[in-house]
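Each remark here refers to the structure printed beneath this line.
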There are 2 protein chains.
Amino acid sequence: MKDNGKVTIYDISKRLNVSAATVSRALNNNPKISSKTRELVFTTAKEMNYKQNRLAQALKSGKSKNVGVIVPYINRNFFSSIIRGIEEELGPHGYHVIICQTHEQMDTEMEQINTLLNTQVDGIFMSISKSTTNIDHFTKVLQEGKFLIFFDRKLDVPGVSSVVIDDFKAGYMSTAHLISQGCKRIAHFSGDLNLEIYKNRHDGYISALENHGLKPDPRYIFTTLSNVESGAAAARKMWELKEKPDAVFSASDYTALGAVQELKKQGVRIPEDFCISGFSNEPFTQYMELPMSSIDQTPLRMGQIAAQVFLEQVDSDQELSIEKKVVLSPELMVRKSSNRSLAELKVQ
Amino acid sequence: MKDNGKVTIYDISKRLNVSAATVSRALNNNPKISSKTRELVFTTAKEMNYKQNRLAQALKSGKSKNVGVIVPYINRNFFSSIIRGIEEELGPHGYHVIICQTHEQMDTEMEQINTLLNTQVDGIFMSISKSTTNIDHFTKVLQEGKFLIFFDRKLDVPGVSSVVIDDFKAGYMSTAHLISQGCKRIAHFSGDLNLEIYKNRHDGYISALENHGLKPDPRYIFTTLSNVESGAAAARKMWELKEKPDAVFSASDYTALGAVQELKKQGVRIPEDFCISGFSNEPFTQYMELPMSSIDQTPLRMGQIAAQVFLEQVDSDQELSIEKKVVLSPELMVRKSSNRSLAELKVQ
DNA sequence: TTGTATGCGTTATCAT
DNA sequence: ATGATAACGCATACAA
């Protein structure tokens, strides 16, 4: 039975001495068909091992039932969890998910968008790359009548929906928590302020300081890359200051980890002398020598909701795509790295 | 300029008063075309913002330039790293990667394969689910003339290529290492022996014991699920034995982690009293309170090589798909959890 | 209820 | 070097 997968509705129609249209109707549960022929078609279709060609169907209908997801790197826990959420929400609706990586490069981002459009995806989900400044490639997606949905890292583009967490609030919560632990000189490891998310975390940090009567000090703010080395380097610099900080709110778990490692080397006791709080709730944070406080961004949920927003747009066949902005609440996970009550209990 | 992405070669041909065939030839760099018209077509194509429709091209050519990747869960570091490897190797060749999850269910695995075939993917990469026993859905892929490539978790199916690590060797290396640390009663946390990988890790463990004059003891072998709770439970059971083991080779980092947590609770000193070694080199293993020894499976590389195998098969347009079996070497990462020389240094 | 014919956008074959 | 046409597999408007 080496059919090579080339069984078409024509093969079935010949075998049954009916027209291809009838077969097509039967297969699609079209009401205008006798139940006998429908049954007949179904059974022989199965018999002949017929497989519908989604390509042809897509070409005909203008809907490919494919969506693209573009992220910097797919093997980052945060992003792969979002993708999982999207897949699980969209799969049952017959969609396939095509994944693309930008490696944080705007030009590959543009390329990926182009090839996805060529593939006739019905929509694109994405987190913009760090180096993205231009928005022409986004408006192009809209022009071509495809849906575009940002998650986490977004840019304000008219007509584009987005699902993000409240990064300002996350920054505020983290900082306020550090203050509640008695910290007075709180530093901040920021990411690229070109990205809204880092800007918002930063602003939340500043706002929390001010609301608690602490004066923000620019020397306490370090721009870092989201990796261990960069965190260690920032910690070193930080420790050269005359008036050393007594806490840091890091916008990345990796930089926070680098800081922990560096400060420990220098003999700093955490959380007794120094409190630290990271961002993203990476799996490793809870298994560390010193379990680290962090912000959970609920990526699975973020993906699911992004998918739901997409489905809504698809269903409501509006000419104008409605713009929907969803903001999720972050969750602060307090762990030992910033929990002095815990530490004191142990000391006693 | 609301073109809605509907610019076709016909639109270009009309504008230029040439035939669509000419436009197609020009766009495809067909030699049989004058360079003037080629240039002309190119510039107007760009002008009109023409985008090739890959769907139509795929339908015509029978090649979709899409591949499917099926894994249990895409947000497990191991799998997402493999997917990254595949994407990075295949992307430059014009392929898109469609991802699917099985949630370890054979029936969804079968479903995913079917829908991928409907989508006319050119090939499927996959790691089988735990519950997979039947191979009919795999041979079906071959019958339809599509390439099938297993990575990590495979089954022996004629005509199917695979890329795996040498799990036997990994089990052997880990166990031999524990023996070299002076451990005599080495336990094993195994996974589902239905999966070849766990079977091989187990066999490597047994072989290492025997080659070093140690007698395998069935009471020292625990079947676990790959999660923290299961590891803790196994550790509890293990510690109820009269003659307690002095080491464990775990086939999963998560069960190993569960064991570490449980044993610490019971006051066991690691690695002094008990050595432990995990599997997969999950990111958290190196950041743990007690950095954990583990086996690196080089997933990125595994994905790249799987992709290369696919490309080879595609290029060599053999009628018969050649079966290629690649076995990669695992790397043992020795860390504190099983490193007594390190521990002794500290003790002194 | 069923058949006929057409088109989705491309490319390849055959002419010219 | 270029044009006309058919075909990939399917779904639909229109006829019957």
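Since we're looking at a predicted model, the values are computed, not measured. We name chains A, B, ... by the order of the sequence lines, and we start the count at 1 in each one.
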For the helix from C/dT1-D/dA16 to C/dT16-D/dA1, how many degrees between its two end axes (five pairs per end), to the nearest 10°? 40°

Under 4.0 Å, counting only non-hydrogen atoms across every strand here, what does [X] touch: a base, just sugar-phosphate, or nothing?
X	value
A/L59	base
B/T37	sugar-phosphate
B/N118	nothing

Give a yes or no answer on whether the side chain of B/S131 reaches the backbone of B/M106 with a donor-acceptor pair at less than 3.5 Å. yes

Could you tell me which residues satisfy side chain to side chain contact (heavy atoms under 4.5 Å, CB included) with A/D156, sequence neighbours excluded, listed by chain and number? A/K154, A/E196, A/K325

Under the side chain to side chain contact (heavy atoms under 4.5 Å, CB included) test, residues paired with B/V326 that sit two or more places apart: B/V163, B/I305, B/V309, B/K324, B/L328

Within residues 8-16 of chain A, residues whose heavy atoms come under 4.0 Å of DNA chain C: none

What residues in residues 24-32 of chain A put a non-hydrogen atom under 4.0 Å from any atom of DNA chain C? A/R25, A/K32

Does [X] have any side-chain hydrogen bond (donor to acceptor under 3.5 Å, both in side chains) partners at least two apart in sequence or in another chain, and if so, which?
X	result
B/T37	B/S34
A/R84	A/E88, B/N75
A/K63	none
B/Q304	none

In B/E111, B/Q105, B/E109, the residue satisfying side-chain contact (heavy atoms from CB on, under 4.5 Å) with B/D107 is B/Q105

Atom pair distance, as rounded to whole Å: [atom1] in [X] and [atom2] in [N]:
X	N	atom1	atom2	value
A/K36	C/dT1	NZ	P	9 Å
B/Q57	D/dG9	CD	C1'	17 Å
A/Q52	D/dG9	CD	C1'	10 Å
A/L40	C/dT1	CG	C1'	15 Å
B/K63	C/dG9	NZ	C1'	19 Å

Contacts of type salt bridge (charged side-chain N to carboxylate O under 4.0 Å, His left out), residue A/R153, not counting sequence neighbours: A/E104

Given C/dT2, is OP1 or OP2 found less than 4.0 Å from the side-chain N or O atoms of A/S19? no

Applying salt bridge (Lys or Arg N to Asp or Glu O under 4.0 Å), which residue pairs with at least one partner in residues 121-131 of chain A are found, sequence neighbours left out? none

5' priority, DNA chain D, between B/K60 and B/I33 [closest heavy atom]: B/I33

Candidate nucleotides C/dT10, D/dC10, D/dG3, ranked by approach to the side chain of B/A21 - the nearest: D/dG3

When you measure from the side chain of A/S34, which nucleotide among C/dT1, D/dC10, C/dG9 comes out closest? C/dT1

Pairs in or reaching into residues 51-92 of chain A: which pass ring-ring contact (aromatic ring centres under 6.0 Å, His included), with residues at least two apart or in two chains? A/Y73-A/H103

